[in-house]
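One structure is given below, encoded as structure tokens.
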There are 2 protein chains.
Amino acid sequence: MNPGPSRPKAAPTVREVAELAGVSPMTVSRTLSGGKNVRREVQQRVMDAVATLGYHRNENARSIRPGHRSDLIGVAITNLANPYYGHFALGVEEVAAQHGRRMLLGNTGEDVAREKQLVSDFVGRQVEGLIVVPTGGAADHLKGTRLGDIPLVLASRTVRGLKADTVLIDDVNGAYESTKRILEAGHTRIGFLGNVISVATASRRYEGFCQALAEFGIESDPDLVTRGQQDAAAARKAMEALLALDDPPTAVFSTNNRNTIGALEAIGQRRLRDPKLSPPTLIAFDDVELAHLMQVPLLVVSHDPRELGAQAARMLFERLDHPERAKRARLIELPVVVGDILNQHRAKRRRAAGARPLP
Amino acid sequence: MNPGPSRPKAAPTVREVAELAGVSPMTVSRTLSGGKNVRREVQQRVMDAVATLGYHRNENARSIRPGHRSDLIGVAITNLANPYYGHFALGVEEVAAQHGRRMLLGNTGEDVAREKQLVSDFVGRQVEGLIVVPTGGAADHLKGTRLGDIPLVLASRTVRGLKADTVLIDDVNGAYESTKRILEAGHTRIGFLGNVISVATASRRYEGFCQALAEFGIESDPDLVTRGQQDAAAARKAMEALLALDDPPTAVFSTNNRNTIGALEAIGQRRLRDPKLSPPTLIAFDDVELAHLMQVPLLVVSHDPRELGAQAARMLFERLDHPERAKRARLIELPVVVGDILNQHRAKRRRAAGARPLP
DNA sequence: CTGTTAGCGCATTCAT
DNA sequence: ATGAATGCGCTAACAG
């Protein structure tokens with residue numbers, strides 16, 4: 001009597017629906033694809049059968065038929081736990097949804113091997129396109145031929161020697177403009193908190209930073225430049241070291257939100273021990289929730305990572321919808337907004353006192 | 001001569017690989033599935049052909065064959081832009097990867113219709129299982145029959161009248177314990193910042209909150225209870241209103257990270273106008289980056305959303321790997337950690353002065 | 001309007 | 001160790 005631990009029943013197929021509705025599989029198929037050339041009454045019978053059986057059309061079977069799209073895109077990002085990429089992924093997802101596509105999402109954890117694996121798997125699953133935040137390692141697996149000519153969009157970072165559609169933030173200029181503004185405010189000793197150099201973004205932001213320094217005739221002091229911090233904990237240590245210098249920087253450029261968090265933690269902790277600490281002005285590339293309330297002089301270089309994701313997706317779908325257009329890889333650089341210097345009570349006073357802090 | 005805008009070439013198939021390698025499709029298939037019963041030498045020829053053609057096995061075609069798994073799970077979450085769910089998604093992804101599965105990820109934006117759409121699509125794509133953070137609306141579409149008996153795990157929230165494996169946070173107890181601790185510290189007027197009531201989490205946390213109040217013989221003052229804030233902006237307004245009361249609360253319970261952010265913003269802004277403001281103690285359910293550095297007395301009720309995601313995924317795979325086991329829906333409640341009250345300089349002084357703040 | 005035939009890419013089964 | 005036949009679920013193309 002007892003059917004026992006019911007084996008996971010195989011999903012119902014068109015045939016079963018057809019049988020229950022007393023029609024041919026073809027009529028079911030037609031009904032499900034809009035109902036052209038099917039009597040209303042028959043459609044109803046079919047839909048009823050669909051409902052009672054809990055039938056769902058097998059999209060995989062559907063997608064192997066010639067000319068049919070998979071409606072799937074593959075997205076590989078480096079770190080989902082970073083709110084930045086959460087917003088990014090949301091931007092991608094929203095635009096994909098508008099275009100009727102679903103998103104296969106994988107996390108690379110900055111590991112090239114994993115990236116390779118993911119991309120290969122995505123291709124095997126017939127994704128129509130790929131959006132990748134590259135880890136920055138070797139990237140042969142992203143070459144067009146390896147991808148079976150599936151459109152690829154790189155986001156947030158580039159890869160040396162790889163031609164592909166790319167959406168970047170205007171890193172160089174953002175770093176340049178913000179550093180310049182800090183220099184104009186009178187700072188001369190400016191620290192740098194960077195992430196790993198192999199990440200193109202890091203280099204580009206460092207480049208803009210140096211450009212501004214050079215323009216003001218300031219040599220970048222190697223003691224003030226730290227690089228390679230990939231998470232907040234590392235950034236915090238780096239910032240602590242900067243604060244502990246005999247002659248600490250009066251301003252610090254932070255490459256990304258992880259470094260900003262770490263820097264603010266270092267400052268916050270240090271302030272507990274030394275409440276009169278006059279914290280350095282922080283140039284924060286990427287906005288961070290609550291940062292502006294931290295009572296630390298702050299210049300935010302912000303942009304919307306969600307828009308970055310959306311833009312990457314738009315770029316991808318444009319290529320999918322118009323494969324006939326020019327094949328040349330395109331590069332888009334999204335502008336950043338350099339804000340005002342917030343919480344700069346001390347800085348104001350210093351400037352009011354005239355001249356530069358260090359003669 | 002010019003091939004013209006090369007039509008997106010159809011992906012190579014086993015047949016093409018076979019032809020190039022001078023073998024039958026079957027030999028290619030065998031080689032790709034481990035190489036049993038294929039001569040080393042032939043395997044090599046096949047692999048070479050695979051490489052030159054850029055061949056990727058069509059997983060979709062593969063998955064329609066009987067007995068074959070899709071290696072796909074579907075995940076629907078409410079808001080990817082919330083770092084909480086970013087961590088959650090990462091937890092799911094990592095465990096899925098360990099089990100050789102990929103993740104289809106969709107964002108519902110708290111919209112039931114979208115959730116329904118996503119789940120239906122996921123089922124059509126032959127996902128082996130579903131992990132859903134339910135929006136809280138009607139949920140007929142999540143009933144087993146509608147899902148073709150695909151295993152479902154609800155995470156973070158429950159749905160009234162729906163039996164399914166569920167992973168929750170120990171909301172009631174976390175809210176209870178933290179509120180109790182604040183009451184023990186002498187607070188009697190405690191505000192409440194909540195999200196929409198239809199979300200089960202909100203009710204559960206409110207429940208724990210009220211339990212603690214009741215135990216201390218305190219009636220919850222309706223003026224101090226705000227609900228329905230779904231984002232930081234709304235939460236901020238609600239908190240501003242609390243701060244503006246003639247007799248503002250000395251402590252405020254914040255249901256989730258969005259409300260905490262909003263509350264801290266309100267406090268921060270208010271403090272700019274009134275530097276001597278003695279901010280209320282904040283009970284923050286869910287941790288928030290930088291919150292502990294905000295110079296606001298803070299009691300964090302924390303848990304790791306990544307672990308929540310991991311646990312949901314483990315639950316799913318356990319059911320997938322052991323379909324024969326008991327069918328009863330299981331419920332797991334992950335413990336929370338109620339921390340110490342941080343930054344409580346003022347509170348200390350108040351307590352040291354003896355008695356309760358309000359006679 | 002409806003049904004039949006055929007084939008998408010792959011792998012199981014059964015030869016050889 | 002290899003290949004041929006067959007069918008998975010679905011739907012164009014072609015009858016009727």
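Just so you know, these numbers come straight off a predicted model, no measurement behind them.
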State whether the number of non-hydrogen atoms from other residues, nucleotides or ligands found under 6.0 Å of B/Glu19 atom CD is greater than 12.
no

Within the supplied structure, the quantity of interest is the number of heavy atoms (other residues, nucleotides, ligands) at a distance under 6.0 Å from B/Met47 CE; does it exceed 12?
no

Polar atom pairs (N or O), protein with nucleotides 3-6 of chain C, under 3.5 Å:
from  : atom 1 : to      : atom 2 : distance (Å)
C/dG3 : OP2    : A/Ser24 : N      : 3.0
C/dG3 : OP2    : A/Ser24 : OG     : 3.1
C/dG3 : OP2    : A/Thr27 : OG1    : 2.6
C/dG3 : N7     : A/Arg30 : NH2    : 2.6
C/dG3 : O6     : A/Arg30 : NH1    : 3.3
C/dG3 : O6     : A/Arg30 : NH2    : 3.2

Out of C/dC10, D/dG9, D/dA1, which has the shortest distance to the side chain of A/Thr13?
D/dG9

Testing C/dC1, C/dC10, D/dG9 for proximity to the side chain of A/Arg15, the answer is D/dG9

Separation of [N] [atom2] from [X] [atom1] (nearest whole Å):
| X | N | atom1 | atom2 | answer |
| --- | --- | --- | --- | --- |
| A/His56 | D/dG9 | NE2 | C1' | 15 Å |
| A/Asn37 | D/dA15 | CG | P | 17 Å |
| A/Arg62 | C/dG9 | CZ | P | 17 Å |
| B/Ile64 | D/dT6 | CD1 | P | 18 Å |
| B/Arg57 | C/dG9 | CZ | C1' | 12 Å |
| A/His68 | D/dA13 | NE2 | P | 13 Å |
| B/Gln126 | C/dC10 | CD | P | 17 Å |
| B/Gln43 | D/dA1 | CD | P | 10 Å |

Would you please confirm or rule out a distance under 4.0 Å between OP1 or OP2 of [N] and any side-chain N or O of [X]?
| X | N | value |
| --- | --- | --- |
| B/Arg39 | D/dT2 | yes |
| B/Asn58 | C/dG9 | no |
| B/Arg40 | D/dA1 | no |

Would you call B/Glu94-B/Arg101 a salt bridge at under 4.0 Å N-O?
no

Do you see a donor-acceptor pair shorter than 3.5 Å between the side chains of B/Asp121 and B/Gln117?
no

What pair of heavy atoms forms the shortest contact from A/Tyr85 to A/Ile77, and how long is it?
CB-CD1, 3.9 Å

Less than 4.5 Å apart, side chain to side chain, heavy atoms only: is that true for B/Arg125 and A/Leu72?
yes

B/Phe122 vs B/Leu104, test: side-chain contact (heavy atoms from CB on, under 4.5 Å). Steps then yes/no.
CA-CA 8 Å; B/Phe122 288 164; B/Leu104 272 167; 3.7 Å; yes

